[in-house]
Peer 1: 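Okay, here's the structure, questions in a sec.
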Number of protein chains: 2
Amino acid sequence: MEDREYRKVIEYVKNEIKQGRIQLEDKLPAERIMAEELDMSRGSVREALRTMENMGMLESRQGSGNYLTGNLNKVFAESIGMMLLLKRISHSEVNSLRRAIETEAYALAVQNISDSQIEQLKAMLKSMRTAEIDEMILKDKEFHYQMIIASENHLIISIMEALEEIYTDSVEYMLKNASEEMKHRLFLSHEKMLDSMLRKDESAGKRAVNEHYDIIKFWYDKE
Amino acid sequence: MEDREYRKVIEYVKNEIKQGRIQLEDKLPAERIMAEELDMSRGSVREALRTMENMGMLESRQGSGNYLTGNLNKVFAESIGMMLLLKRISHSEVNSLRRAIETEAYALAVQNISDSQIEQLKAMLKSMRTAEIDEMILKDKEFHYQMIIASENHLIISIMEALEEIYTDSVEYMLKNASEEMKHRLFLSHEKMLDSMLRKDESAGKRAVNEHYDIIKFWYDKE
DNA sequence: GAATATTTGTCCGTATGTATA
DNA sequence: CTATACATACGGACAAATATT
């Protein structure tokens, strides 16, 4: 079943990592070398490289070589985007995932956030209140992103970056068509998130995150 | 930057889907045909196919053709597995993600779960109490999986399946080396999850899920 | 800075194994 | 069973980008 030729390369690379012979940022042997070493064609090696590139574990640089990297977000963004296109999943399902992850990110952020990060959050919230719509959208995005970063969980950050990529347009559309009341309620939920952050009140903060996503869910259901 | 030849194929397929000319389960034009149509080599087309296969959006069947599918889990499992191998992320970070998603899955399950599913959960919990260790591990896995399925969120189900794939061995190791007290506490958290499910008490259930993951976190931190 | 070697990117032609009518 | 269509894989060639001398 899964006995494609190019799998040999992936197993080879995996093994080299396990043995500690190569690690992040290192260069792999040249395509030709690997092809000869593993007794296979260069084309098959290239299929393996493409696979690994799309897993986010390597980067090919023409004229230079193939280097081990660690970028998850593109894989997630592209895959989830495709599943949406193929109608395999729905926007409301993705919204649930965002709610799930941001709630946990909040809990982690409460523990890890620095004073300067909190100051930045305050500043963002302040400009959200007064700013024009485009500026508001930007600050809204930054506010959430800052929370995610403060979680210090690389996996969570990657997935949220991927989801962000998918949703920028959608969020912009929503905010530009939202009622004043809805925008006010969103603002209040942000305020609660920050307030609870200051008081290190995890559960109140989590509730605020959930409120935030309930507002969005309500809007999507109506649309 | 992203101007590789094979991207043409992906754009072409995306467009065919958007135009409604092909959809899930449909067969793509043959490699040769696409290569000629898009004026490129078969090798480059194959790299694109490999990319799309690893995005979970198609399946290549030798002698038959390339078919559009929608399987997310393999991509996630392989990518996350690789990031762990490359030490780009840690096990505790993955554990946080599982906690996040399972908490939300629980909330969704409370709304969607059927009576027969609840009966099955009861049965699983019952055999978990008395069973031998191997049977217990199996039932534990089934219990959580059943909850996830009841969420009826395909994206959440896919990601959890991927994480499950990565963690089967690790969970087995943990449970086989856990103290009786820890196993008892895990059992109690399961019991709370089910109890709250019966009473449709979402927040108590979420707390139980969190307790469950706190126990696991404690074990990992100690290990 | 220029010449040269290395490496990835892309192409073509061909042979083989597999599925399908 | 045969013929056709198709994916899989190989080897050789040249172009383009980069690294090295």
Side-chain angles (χ1 to χ4, degrees), chain A residues 1-13 16-17 21-71 74-75 78 82, chain B residues 1-13 16-17 21-71 74-75 78 82:
Chain A
M1 199 196 289
E2 280 292 335
D3 50 354
R4 282 214 194 72
E5 193 68 8
Y6 75 82
R7 282 275 148 196
K8 287 203 294 194
V9 182
I10 299 181
E11 285 312 310
Y12 163 77
V13 173
E16 290 291 297
I17 297 170
R21 280 194 285 270
I22 48 172
Q23 56 180 335
L24 221 58
E25 310 296 333
D26 282 357
K27 189 168 121 173
L28 262 53
E31 293 177 5
R32 285 179 176 80
I33 308 293
M34 283 196 288
E36 196 173 0
E37 194 82 21
L38 301 172
D39 192 35
M40 59 199 290
S41 76
R42 220 188 120 205
S44 296
V45 172
R46 283 184 65 80
E47 289 193 35
L49 293 172
R50 217 65 327 131
T51 294
M52 290 189 283
E53 187 170 59
N54 287 292
M55 280 165 59
M57 66 177 288
L58 76 79
E59 203 180 300
S60 297
R61 298 180 207 150
Q62 184 172 357
S64 176
N66 295 290
Y67 299 82
L68 285 182
T69 58
N71 301 316
K74 283 210 176 123
V75 204
E78 292 211 62
M82 272 299 173
Chain B
M1 199 198 287
E2 281 292 336
D3 51 354
R4 282 214 195 71
E5 193 68 5
Y6 76 83
R7 280 275 149 196
K8 286 204 295 192
V9 183
I10 299 180
E11 285 311 311
Y12 163 77
V13 173
E16 290 291 296
I17 297 170
R21 281 194 284 270
I22 47 172
Q23 56 178 333
L24 219 60
E25 311 296 335
D26 282 355
K27 189 168 120 173
L28 261 52
E31 289 179 6
R32 284 177 177 80
I33 308 293
M34 284 196 288
E36 196 172 358
E37 194 82 21
L38 301 170
D39 193 34
M40 57 197 291
S41 76
R42 255 122 49 221
S44 296
V45 173
R46 284 183 65 78
E47 291 192 22
L49 293 173
R50 216 56 32 214
T51 294
M52 290 189 282
E53 188 170 59
N54 286 295
M55 280 165 60
M57 65 177 287
L58 77 77
E59 202 180 300
S60 297
R61 299 182 205 146
Q62 184 172 356
S64 175
N66 295 290
Y67 299 82
L68 284 182
T69 58
N71 301 315
K74 280 202 180 134
V75 206
E78 292 210 60
M82 274 299 174

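As the structure is a computational prediction, the values presented were derived from the model and not from experiment. Proteins get letters first, then strands, A, B, ... in listed order; numbering begins at 1 in each.
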Peer 1: For B:K8 and C:dT10, what is the distance between atoms NZ and C1' respectively, to the nearest whole Å?
Peer 2: 11 Å
Peer 1: Within the pair B:R50 and D:dT8, is there a side-chain N or O less than 4.0 Å away from OP1 or OP2?
Peer 2: yes
Peer 1: So, are A:R42 and A:E31 salt-bridged, with charged N and O less than 4.0 Å apart?
Peer 2: yes
Peer 1: Using whole Å, what does the distance between atom P of nucleotide D:dA7 and atom CD of B:E53 come to?
Peer 2: 12 Å
Peer 1: B:D39 has an atom CG; how far is it from atom C1' of C:dT10, in whole Å?
Peer 2: 12 Å
Peer 1: Under 4.0 Å between any heavy atoms, over every strand shown, what does A:G65 touch: base, sugar-phosphate, or nothing? Just pick one.
Peer 2: sugar-phosphate
Peer 1: Phosphate oxygens OP1/OP2 of C:dT7: is one of them under 4.0 Å from a side-chain N or O of A:N66?
Peer 2: no
Peer 1: Tell me the interatomic distance from B:E47, atom CD, to D:dT8, atom P, rounded to whole angstroms.
Peer 2: 14 Å
Peer 1: Rounded to the nearest Å, what distance is computed from the CE atom of residue B:M40 to the C1' atom of nucleotide D:dA15?
Peer 2: 16 Å
Peer 1: With the criterion being N/O to N/O and under 3.5 Å, what pairs connect the protein with nucleotides 17-21 of chain C, and how long is each?
Peer 2:
residue	atom	partner	partner atom	Å
C:dG17	N3	B:Q62	NE2	3.4

Peer 1: Counting only side-chain heavy atoms from C-beta out, which of D:dT8, C:dT10, D:dA9 sits nearest to B:R32?
Peer 2: D:dT8
Peer 1: Using whole Å, report how far CG of B:L49 lies from P of D:dT8.
Peer 2: 8 Å
Peer 1: Among B:T51, B:I17, B:N71, B:T69, which residue meets the side-chain contact (heavy atoms from CB on, under 4.5 Å) test with B:M57?
Peer 2: B:I17
Peer 1: Would you mind telling me which of D:dT8, C:dG9, C:dT7 lies closest to the side-chain atoms of A:E31?
Peer 2: C:dG9
Peer 1: Between CG of B:L58 and OH of B:Y67, what distance do you get to the nearest 0.5 Å?
Peer 2: 11.5 Å
Peer 1: What is the distance from CG of B:L38 to C1' of C:dC11, rounded to the nearest Å?
Peer 2: 15 Å
Peer 1: Check this for me: does any side-chain nitrogen of one of A:R50 and B:E5 sit under 4.0 Å from a carboxylate oxygen of the other?
Peer 2: no
Peer 1: Could you go through A:K74 and A:E59, starting from their C-alpha distance and side-chain angles, then the distance that decides it, and tell me whether this counts as salt bridge (charged side-chain N to carboxylate O under 4.0 Å, His left out)?
Peer 2: CA-CA 12 Å; A:K74 283 210 176 123; A:E59 203 180 300; over 6 Å; no
Peer 1: Taking atom CD1 of A:I10 and atom CE of B:M82, what is their separation to the nearest 0.5 Å?
Peer 2: 6.5 Å
Peer 1: Specify the separation, in whole Å, of atom CD of B:E5 and atom P of D:dA15.
Peer 2: 16 Å
Peer 1: Would you say a side-chain N or O of B:R42 is under 4.0 Å from OP1 or OP2 of C:dC11?
Peer 2: no
Peer 1: Taking the side chain of B:R4 as its heavy atoms from C-beta onward, which of C:dG9, D:dT8, C:dT7 lies nearest to it?
Peer 2: C:dG9
Peer 1: Can you tell me which nucleotide in D:dC10, D:dC6, C:dT7 comes closest to the side chain of B:A30?
Peer 2: D:dC6
Peer 1: Mind checking the OG-CZ spacing from A:S60 to A:R46? Nearest 0.5 Å is all I need.
Peer 2: 7.0 Å
